[in-house]
Amino acid sequence: GERVEGYTNFLWVLIIATGLKLGLSAPVIAVAVGLLLFPLGLFLLYRIALEVLERQREPALLVVLLTGANYTYNSYATGGLETMLQTVMLLAAIGLTLQCRSQGSFRAATPFSITCALGVMTRPDFQGGDSRLGYWNLYGRLLNEGPWAALELRLDMLPQEPGTLRPWTSVHAKIEGGSVANGHIG
């Protein structure tokens, strides 16, 4: 055999296992949890949009409407995988970051840390590109795939101010493809 790349989505597995322990069907649990997370994600997005759009309700509602009507976002709600949970964790982390900024305090720092820890437990790629959690991404790429491409982005939402205790946050996004056009054999 060939090696297969994989990683654990511990928190999602724990949620499904809890439902199984209660005698429920795994596919039913997965879809039900996704459907419960769907409106929570839209609610969190609304709060973020309100903050970013300076409390303008109509544009914030438009953001939620467009996202809620998006095929991909809807698919994640019923797909049975952990992506909707991951999305909610990311939206919660962004919302808590904005809360720190607007309050100018650390009051949301503990919930932010807990949310990010749960996000990493949901999917290790929540960690971003230069994690200290290990080499799972590099290891998987070197052993299991042919040509691939990655685009890594960083946005300093709350710039770090050296010498102060003020909160700061950088958001990292990584977009990867396992096959580069005309570079993949087969």
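Sequence positions, counted from 1, serve as the residue numbers for this chain. The structure presented is a predicted model; accordingly, all values stated were derived computationally and were not measured.
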CG-CG distance between Leu40 and Leu35, expressed to the nearest 0.5 angstrom:
13.0 Å
Give the minimum heavy-atom separation between Val64 and Leu42, together with the two atoms involved.
CG2-O, 3.7 Å
Closest non-hydrogen atom pair, Ala26 against Leu20:
N-CD2, 3.7 Å
Between Asn9 and Thr122, is any pair of side-chain heavy atoms under 4.5 Å apart?
no
For the rings on Phe38 and Tyr73, is their centre-to-centre separation under 6.0 Å?
yes
Under a 4.5 Å side-chain heavy-atom rule over Ile, Leu, Val, Met, Phe, Trp and Tyr, are Leu24 and Trp12 clustered together?
yes
Side-chain heavy atoms nearer than 4.5 Å, only ILVMFWY residues, links allowed to pass through others: does that put Ile16 and Val31 together?
no
Scanning both residues in full, the closest heavy-atom pair of Ala92 with Thr115 reads CB-CG2, 3.7 Å
Could you state whether Leu37 and Ile114 fall into the same hydrophobic cluster, counting links through intermediate Ile, Leu, Val, Met, Phe, Trp or Tyr residues with side-chain heavy atoms under 4.5 angstrom apart?
yes
Give me the atom names and distance for the closest heavy-atom approach of Ala109 to Cys100.
N-SG, 4.0 Å
Using a 4.5 Å cut-off on heavy atoms from C-beta on, say whether the side chain of Gln56 contacts that of Leu50.
no
Within the structure provided, determine whether Leu62 and Leu66 are in side-chain contact (heavy-atom separation under 4.5 Å).
yes
Hydrophobic cluster identity match, Leu14 and Val28, side-chain contacts under 4.5 Å
no
Any Val52 side-chain heavy atom under 4.5 Å of Leu98 side chain:
yes
Please report the interatomic distance CD(Glu51) to CD1(Ile94), rounded to the nearest 0.5 Å.
12.5 Å
With a 4.5 Å heavy-atom cut-off, do Val63 and Tyr46 have their side chains touching?
no
List the atom of Ile15, the atom of Ile29, and the distance in Å for their closest heavy-atom pair.
O-CG2, 4.2 Å
Exercise: identify the closest heavy-atom pair between Thr97 and Phe112:
OG1-CE1, 3.3 Å
Linking I/L/V/M/F/W/Y whenever their side-chain heavy atoms sit closer than 4.5 Å, directly or via other members, would Met89 and Met84 fall into one cluster?
yes
